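The next block holds one structure in the form of structure tokens; read it before the comments.
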Amino acid sequence: QDKSVQVKLVLLGEAAVGKSSIVLRFVSNEFQANKEPTIGAAFLTQKCRLEDRVLRYEIWDTAGQERFHSLAPMYYRNAQAAIVVYDVTKAASLDKAKSWVKELQRQANPNIVIALAGNKVDLVAPSSSSTPATPSSETEDEPDDATATPGEEAEGQNGGDTDDVRQVPTEEAQAYATEAGLLFFETSAKTGDGIVEIFTEIAKKIPIE
Ligand code: GTP
Ligand code: MG
């Protein structure tokens with residue numbers, strides 16, 4: 001009956017970047033504004049349908065607090081997939097993500113599929129090339145509408161008082177992900193942006209046995 005392939009997936013990343021919220025969105029399509037920190041780890045499952053097959057994700061949602069770091073190997077050992085999460089409004093969380101990726105590439109299953117998720121995009125102003133799940137092509141020279149409204153332009157170049165709290169430019173994270181061989185998405189557990197996409201794109205890269 002249930003012939004779906006099981007895929008063990010682990011989430012890693014700094015505390016409070018939204019790992020549990022991403023899982024809650026994917027598994028229950030819900031969001032909690034004040035989610036409590038994970039202690040140890042949490043286990044959840046969810047099916048993922050592709051055109052030609054169904055996978056069953058067995059998800060280990062780890063705790064990001066530093067005191068739990070030493071537990072992580074138990075959860076990424078034998079994992080076929082990992083989502084390493086950072087918060088686009090916190091530059092230091094990308095550094096932490098990079099160190100998790102290094103650890104995975106050294107210690108985890110050599111065939112592990114790793115995705116990098118820049119979460120909380122709902123908090124930042126849309127930047128010209130931040131369309132989620134669409135790694136923009138090089139050819140971006142769309143002929144600019146020659147007549148930009150002076151008023152609007154002033155708004156764009158005034159770095160002083162915008163409410164954009166983004167600390168990690170999309171391009172920077174994308175470049176890193178490409179170089180490190182990772183899938184890359186910007187996500188919002190709050191709005192659901194990019195969440196199904198990330199699990200679906202990972203699923204497509206899991207080899208059929
Ligand atoms: P640890 O379990 O401690 O490692 O944290 P975590 O990575 O699981 O983060 P968690 O999902 O608990 O989210 C931390 C806080 O950020 C919570 O208050 C969430 O509601 C909030 N949050 C998570 N994702 C998003 C998002 O996409 N947008 C916004 N605005 N808030 C988010
Ligand atoms: Mg958590």
Side-chain angles (χ1 to χ4, degrees), residues 4-51 53-65 68 72 75-76 79-90 93-94 96-97 100-101 104 112-127 130-135 164-168 170 173-174 177 182-206:
S4 50
V5 177
Q6 312 207 343
V7 176
K8 183 177 168 186
L9 179 146
V10 64
L11 282 102
L12 296 165
E14 191 173 86
V17 293
K19 298 178 296 298
S20 300
S21 299
I22 287 171
V23 177
L24 182 66
R25 174 59 73 189
F26 180 58
V27 170
S28 312
N29 202 18
E30 287 170 20
F31 178 73
Q32 290 174 10
N34 287 299
K35 192 133 184 56
E36 68 290 351
T38 303
I39 303 299
F43 179 75
L44 297 95
T45 67
Q46 173 67 325
K47 283 188 181 168
C48 183
R49 274 167 215 292
L50 296 181
E51 271 178 31
R53 58 199 167 118
V54 179
L55 285 71
R56 179 171 179 269
Y57 275 120
E58 302 191 322
I59 302 168
W60 286 100
D61 168 27
T62 66
Q65 290 176 49
F68 297 114
Y75 300 108
Y76 65 65
Q80 292 140 282
I83 301 178
V84 179
V85 185
Y86 69 96
D87 175 344
V88 296
T89 72
K90 235 184 134 195
S93 70
L94 179 61
K96 185 69 193 175
W100 278 120
V101 168
L104 287 172
I112 190 168
V113 176
I114 307 176
L116 179 69
N119 192 40
K120 307 198 186 183
V121 272
D122 59 282
L123 294 176
V124 306
S127 82
S130 69
T131 318
T134 314
D164 191 0
V165 294
R166 180 189 284 274
Q167 287 189 2
V168 181
T170 305
Q174 175 70 71
L182 319 174
L183 294 167
F184 171 64
F185 298 85
E186 288 194 335
T187 60
S188 169
K190 185 170 179 179
T191 64
D193 272 356
I195 303 293
V196 170
E197 288 84 344
I198 196 166
F199 285 92
T200 304
E201 291 308 308
I202 290 170
K204 289 181 187 168
K205 294 198 76 177
I206 301 290

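Predicted model, so just to flag it, every value in this text is computed and none were measured.
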request  = Could you note down all residue pairs passing salt bridge (charged side-chain N to carboxylate O under 4.0 Å, His left out) where residues 8-24 supplies at least one of them, sequence neighbours left out?
outcome  = Glu14-Lys90

task = Test side-chain contact (heavy atoms from CB on, under 4.5 Å) on Asp122 and Asp193 and set out the steps.
result = CA-CA 8 Å; Asp122 59 282; Asp193 272 356; over 6 Å; no

message = Between Ile59 and Phe199, is the side-chain contact (heavy atoms from CB on, under 4.5 Å) condition met? List the steps.
response = CA-CA 11 Å; Ile59 302 168; Phe199 285 92; 4.2 Å; yes

ask   = Under the side-chain contact (heavy atoms from CB on, under 4.5 Å) criterion, do Ile195 and Ile22 qualify, and how do the steps go?
value = CA-CA 7 Å; Ile195 303 293; Ile22 287 171; 3.9 Å; yes

ask   = Do Leu9 and Ile202 have side chains that get closer than 4.5 Å, going by heavy atoms?
value = yes

inquiry  = So, using side chain to side chain donor-acceptor pair (under 3.5 Å) as the criterion, who are the partners of Thr191 when residues are at least two apart?
reply    = Ser188

request  = With rounding to the nearest 0.5 Å, note down the distance linking OG1 in Thr187 to CD in Glu197.
outcome  = 10.0 Å

key: Val88 side chain reached by Leu123 side chain, heavy atoms, under 4.5 Å   = no

remark   = Residue pairs passing the salt bridge (charged side-chain N to carboxylate O under 4.0 Å, His left out) test with at least one member in residues 20-33, sequence neighbours excluded, are none

ask   = Between OG1 of Thr200 and NZ of Lys205, what distance do you get to the nearest 0.5 Å?
value = 14.5 Å

ask   = Going by the side-chain hydrogen bond (donor to acceptor under 3.5 Å, both in side chains) test, which pairs reach into residues 33-44, not counting sequence neighbours?
value = Ser20-Thr38

message = Donor-acceptor check, side chain of Tyr57 to backbone of Ala203, threshold 3.5 angstrom: yes or no?
response = yes

ask   = Atom CD of Gln80 and atom CD1 of Ile114: how far apart are they, to the nearest 0.5 Å?
value = 13.5 Å

note = Heavy atoms of Ala81 and Ile206 approach each other most closely as CB-CD1, 4.2 Å

task = Please check if the side chain of Thr62 supplies one atom and the backbone of Leu11 the other of a donor-acceptor pair under 3.5 Å.
result = yes

Shortest non-hydrogen contact from Thr45 toward Glu58 = CG2-CA, 4.3 Å

request  = Would you please name every residue forming a salt bridge (Lys or Arg N to Asp or Glu O under 4.0 Å) with Asp87, sequence neighbours left out?
outcome  = Lys120

inquiry  = If I take atom CD from residue Gln32 and atom CG from residue Leu24, how far apart are they, to the nearest 0.5 angstrom?
reply    = 5.5 Å

task = Let me see the working for Phe185 and Val121 under side-chain contact (heavy atoms from CB on, under 4.5 Å), right down to the final yes or no.
result = CA-CA 10 Å; Phe185 298 85; Val121 272; over 6 Å; no

ask   = Does any N or O in the side chain of Asn119 come within less than 3.5 Å of the main-chain N or O of Ala189, such that one atom is a donor and the other an acceptor?
value = yes

key: Gap between atom CG of Leu55 and atom NZ of Lys47 - 0.5 Å precision   = 11.0 Å

note = Nearest heavy-atom contact between Phe68 and Ala63 is CD1-CB, 3.3 Å

task = Applying salt bridge (Lys or Arg N to Asp or Glu O under 4.0 Å), name anything that partners Lys190, two or more places apart in sequence or on another chain.
result = none

ask   = Would you say Arg53 has more than 12 foreign heavy atoms packed within less than 6.0 Å of its CZ?
value = yes

Parallel, tilted or perpendicular: ring planes of Trp100 versus Tyr76, cut at 30 and 60 degrees = perpendicular

query = How are the rings of Phe184 and Tyr86 set to each other: parallel, tilted or perpendicular (split at 30° and 60°)?
reply = parallel

